[in-house]
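This report concerns only the one structure given below.
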Amino acid sequence: MLSSTHTDELVIALCGPIGSPLHEVADKLQEMLRNTFAYHTCRVVRLSRFIEDHAGRAGRSIAGKAADRRHALIDFGDEMRRTYGFSVLAELAVHEIRVDRELNARDPQTSQYLPRRACHIIDSIKNQHELELLRTVYREALYVVGVFAPVAAREHALRAQGLDNTAIARLMDRDSGEELDEGQTVQETFPQCDFFLRTDSNTDTQLRGRVERFLHLILGTQVITPTRAETAMYAAASAASNSACLSRQVGAAVTDREGEILAIGWNDVPRAFGDLYVTDLGTNANGNDDLRCWNFGGKCYNDEEKDLLAGHVVDALGSLVKEAHREAAIQLVKSDKKLRGLIEFSRSIHAEMHAILSALRQKGDRVRGGRLYVTTYPCHSCARHIIAAGITEVYYIEPYKKSLATRLHGDAMTESEESGDKVRLLPYDGVAPTRFLSLFKMKRDSRKQGGKVIRVAPDRGTPKVEKSLEALPALEALVVESLRRKSLVASPTGASASDTAGTTPT
């Protein structure tokens, strides 16, 4: 009975830094889903259209030069989030999907919603609130694809649209992470994607190949196994869960130049005579010998030292700071971004250092020329060890704004993909570790029958992660009701000209 409610529906949300080929990926997904995978309903919902409609109703125009138009879109988008809630653009996308479901997927006789082969592609989300809203509503039916290209390629694409270098730099900075709660935070949202799709040649062949692999993977229409990079990053992410650090969990994996994993590492407190403290149910069942920060002082020693340092700085100013203002001055110093970003006083060894040390102990001759996969962009302290160890490339998922890696070691480390004489820091490309098992772990007897490979035609493929249709309309209805209360839609199910703005039908 329950299996009869399963639906092949998909929602694919795109996220990526400005200048990335987001529209091209959306169009390619739409084309291939319809023509190759028989998704008869396949729509692209462009969130920028909602912003344009909002501006139009307010009597303001977004026309003008390319740079002015983009800044205007960001401004009006911020205004909408500030007025109607940080996730309002995603809510309007949910409304689009809801309208389509009411018009095209409801049995007129029974009023029941019908399972269907439909996909809505949301181009594109810009902050975490939008991502969280979509995940709350669509759960396993949602795939978030991070689309990116090298910085040089993105700059070239923006110049082709008539933007100069100054305008490009300003837009890239604003797009990645505005200092506004209601602003765009692509740099923070992007690492939470389910799949990272990198393009550099901007050719149709490359784009088609990357999109096709993703669709075959989520629909189970080909036997696809992880790349060595995906395996290494999954190992790094798994290693991170060992960490008891009170600040964040970071994992790393070192590979040789062929991609074979040599060692993994995570951030945690080292113990005497080698390695780190770990949980051991045999010899350390009661935890008395576990002297990590949570169990040894119950505090973050790095934070404590930074607080003491703030006091020392204020005291060093002597009579310049009156006693009545001392505490306020200390709090002001503690709030400084540079001070808050200090990591020098932590008791933990960093994941990169742990992985490199382990690899050097076991297979030192194979580390030189190898690669490092790490869940978070390396700090400047790890950068010097990475360089000295002979690592040639570092792949990361989560950015680290406070890192001084390339600033302090610009002679030996770079974020440029074109450089061949420095250690390269590169964004990770492939399946996110959070989706690794759900996409690569096969169901029993799903690949062969009678000793023969089971071949699934693309138009018969179904999402690997099953989703019941029962929950979707109810959750969508809650979002639509919220929009109705904000007077952003006329009715929960009615479709008007303004309702369908932003949707590109096939």
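By convention here, the first residue in the shown sequence is residue 1.
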Determine, stepwise, if the pair Asp429 / Arg210 fulfils salt bridge (Lys or Arg N to Asp or Glu O under 4.0 Å).
-> CA-CA 10 Å; Asp429 176 36; Arg210 302 291 286 113; 2.4 Å; yes
Taking it one step at a time, do Lys28 and Asp204 satisfy side-chain contact (heavy atoms from CB on, under 4.5 Å)?
-> CA-CA 9 Å; Lys28 186 61 67 177; Asp204 185 75; 2.6 Å; yes
Could you walk me through whether Gln206 and Asp200 pass side-chain hydrogen bond (donor to acceptor under 3.5 Å, both in side chains), step by step?
-> CA-CA 8 Å; Gln206 183 192 52; Asp200 54 7; 2.6 Å; yes
Show your reasoning for whether salt bridge (Lys or Arg N to Asp or Glu O under 4.0 Å) applies to Glu260 and Arg228.
-> CA-CA 7 Å; Glu260 182 179 340; Arg228 289 195 167 190; 5.8 Å; no
Dump the intermediate steps for side-chain hydrogen bond (donor to acceptor under 3.5 Å, both in side chains) on Asn267 and Ser243, then the final yes or no.
-> CA-CA 6 Å; Asn267 58 319; Ser243 172; 3.1 Å; yes
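Taking the six-membered ring where the residue is Trp, Phe214 and Phe195 present tilted rings, their angle falling between 30° and 60°.
Under 3.5 Å, the side chains of Glu102 and Tyr113 contain a donor-acceptor pair of N or O atoms. In this model, a donor atom of one side chain and an acceptor atom of the other lie less than 3.5 Å apart for Ser416 and Glu418.
Under the side-chain contact (heavy atoms from CB on, under 4.5 Å) criterion, Gln362 pairs with Ser358, not counting sequence neighbours. Glu132 is linked by a side-chain contact (heavy atoms from CB on, under 4.5 Å) to Gln128, His129, counting only residues two or more places apart in sequence or in another chain. Residues passing the ring-ring contact (aromatic ring centres under 6.0 Å, His included) test with His354, sequence neighbours excluded: Trp266. With sequence neighbours left out, the ring-ring contact (aromatic ring centres under 6.0 Å, His included) criterion links Tyr138 to no other residue. Residues that satisfy the salt bridge (charged side-chain N to carboxylate O under 4.0 Å, His left out) test with Lys363, not counting sequence neighbours, are absent from this structure. Among residues two or more places apart in sequence or in another chain, the side-chain contact (heavy atoms from CB on, under 4.5 Å) test is passed with Thr227 by Arg213, Ala229, Glu230. With sequence neighbours excluded, no residue forms a ring-ring contact (aromatic ring centres under 6.0 Å, His included) with Phe296. For the side-chain contact (heavy atoms from CB on, under 4.5 Å) test, residues two or more places apart in sequence or in another chain that qualify with Ala90 are Glu130, Leu133, Leu134. For the ring-ring contact (aromatic ring centres under 6.0 Å, His included) test, residues two or more places apart in sequence or in another chain that qualify with Phe148 are Phe190.
For residues 386-395, the salt bridge (charged side-chain N to carboxylate O under 4.0 Å, His left out) pairs, not counting sequence neighbours, are Arg371-Glu393, Glu393-Arg424. Screening residues 108-118 for salt bridge (charged side-chain N to carboxylate O under 4.0 Å, His left out), with sequence neighbours left out, gives Asp8-Arg117, Glu9-Arg116, Asp100-Arg116.
Here the straight-line distance linking atom CZ of Arg46 with atom CG of Leu14 works out to 9.0 Å at 0.5 Å rounding. Note that CG of Leu219 is 9.0 Å distant from SG of Cys119, once rounded to the nearest 0.5 Å. Here the CE atom belonging to Met442 is positioned 15.0 Å from the CG atom belonging to Leu439, to the nearest 0.5 angstrom. To the nearest 0.5 Å, atom OG1 of residue Thr255 and atom CD1 of residue Ile261 are 7.5 Å apart. In this structure, the separation between CD1 on Ile18 and CG on Asp175 is 5.0 Å, given to the nearest 0.5 Å. Taking CD1 from Ile12 and CG from Leu29, the interatomic distance works out to 5.0 Å, rounded to the nearest 0.5 Å.
Using modelled atom types, one side-chain atom of Gln192 and one backbone atom of Glu188 make a donor-acceptor pair closer than 3.5 Å. With hydrogens and angles ignored, the 3.5 Å screen pairs no side-chain donor or acceptor of Ser348 with any backbone N or O of His350.
By the 4.5 Å heavy-atom criterion applied to side chains, Arg271 and Leu276 are not counted as neighbours. With a 4.5 Å cut-off on side-chain heavy atoms, Glu417 and Ser419 do not count as touching. Contact annotation: the side chain of Leu10 approaches that of Ile218 to within less than 4.5 Å [non-hydrogen atoms, C-beta and beyond]. Tyr277 has its side chain out of reach of Asp268: every pair of non-hydrogen atoms, C-beta onward, lies at least 4.5 Å apart. Within the 4.5 Å cutoff, side-chain heavy atoms of Val269 are placed close to those of Cys293.
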Got a list of side-chain donor-acceptor pairs under 3.5 Å for residues 449-461, not counting sequence neighbours?
none

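Of all non-hydrogen atoms in Glu352 and Pro378, the two that sit nearest each other are OE2-CA, 3.3 Å. For the pair Ala235 and Ala253, the tightest heavy-atom approach, listed with the atom from each and the gap, is CB-CB, 4.4 Å. The shortest heavy-atom contact between Ala355 and Ala263 is O-CB, 3.6 Å.
Salt bridge status for Glu31 with Arg208: present, with a side-chain N to carboxylate O gap under 4.0 Å.
You'll find the ring centres of Tyr400 and Tyr377 outside the 6.0 Å limit.
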